[in-house]
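See below for the structure under consideration.
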Amino acid sequence: MARPKMLKLPEVLEEIEMSRAAFYRMRARGQAPKLIKLPNGQLRCRRVDLDAWWSSMEDVAA
């Protein structure tokens with residue numbers, strides 16, 4: 001079974017065209033894509049979670 005595609009935080013920020021500070025503010029409000037914290041402290045986002053977040057943003061904008 002293949003592992004899910006994991007994106008680094010800079011890749012996520014680039015895709016959603018958002019600054020790190022704005023992303024963390026959104027995350028504090030519970031509105032950011034789901035992230036996974038690795039044992040070394042780095043953050044990752046599954047591709048499916050980011051795609052689901054994009055879909056939810058489309059629903060909000062409609």
Side-chain angles (χ1 to χ4, degrees):
M1 183 173 183
R3 290 185 356 193
K5 172 71 174 158
M6 303 287 276
L7 302 170
K8 295 179 180 179
L9 185 57
E11 295 171 321
V12 173
L13 296 174
E14 182 178 336
E15 182 171 328
I16 65 175
E17 299 178 0
M18 186 175 287
S19 71
R20 185 178 296 262
F23 181 84
Y24 278 110
R25 284 192 303 270
M26 189 170 61
R27 187 173 182 225
R29 293 189 306 260
Q31 299 172 335
K34 182 178 174 184
L35 298 177
I36 298 167
K37 188 170 187 176
L38 301 178
N40 63 5
Q42 293 182 359
L43 297 173
R44 295 287 189 273
C45 181
R46 289 185 186 101
R47 165 51 63 188
V48 296
D49 291 336
L50 186 57
D51 291 342
W53 178 82
W54 274 121
S55 294
S56 72
M57 292 297 105
E58 290 175 1
D59 294 342
V60 170

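Note that the structure is a prediction, hence the values are computed from the model and not measured. Quick note: residue numbers are just sequence positions, from 1.
- Atom-to-atom distance recorded for Met26:CE and Trp53:CH2 is 4.5 Å, nearest 0.5 angstrom.
- In this structure, the separation between NZ on Lys8 and CD on Glu14 is 12.5 Å, given to the nearest 0.5 Å.
- When every heavy atom of Ser19 is checked against every heavy atom of Ala22, the shortest pair comes out as OG-N, 3.1 Å.
- Hydrophobic clustering (ILVMFWY, side-chain heavy atoms < 4.5 Å, transitive): Met6 and Leu9 are in distinct clusters.
- Leu7 CG to Glu15 CD: the interatomic distance, rounded to the nearest 0.5 Å, is 6.5 Å.
- Rounding to the nearest 0.5 angstrom, the gap separating the CG atom in Leu38 from the CG atom in Leu43 is 7.5 Å.
- Cluster annotation: Leu50 and Tyr24 are assigned to the same hydrophobic cluster (Ile/Leu/Val/Met/Phe/Trp/Tyr, side-chain heavy-atom contacts under 4.5 Å, transitive).
- Separating the CH2 atom in Trp54 from the CD atom in Glu58 is a distance of 8.5 Å, to the nearest 0.5 Å.
- With salt bridges taken as basic N to acidic carboxylate O contacts below 4.0 Å, none links Arg47 and Glu11.
- By the criterion of side-chain heavy atoms lying less than 4.5 angstrom apart, applied directly or through intervening Ile, Leu, Val, Met, Phe, Trp or Tyr residues, Val48 is not grouped with Met57; the two fall into different hydrophobic clusters.
- Atom-to-atom distance recorded for Arg20:CZ and Arg27:CZ is 11.0 Å, nearest 0.5 angstrom.
- The closest side-chain heavy-atom distance from Phe23 to Leu35 is below 4.5 Å.
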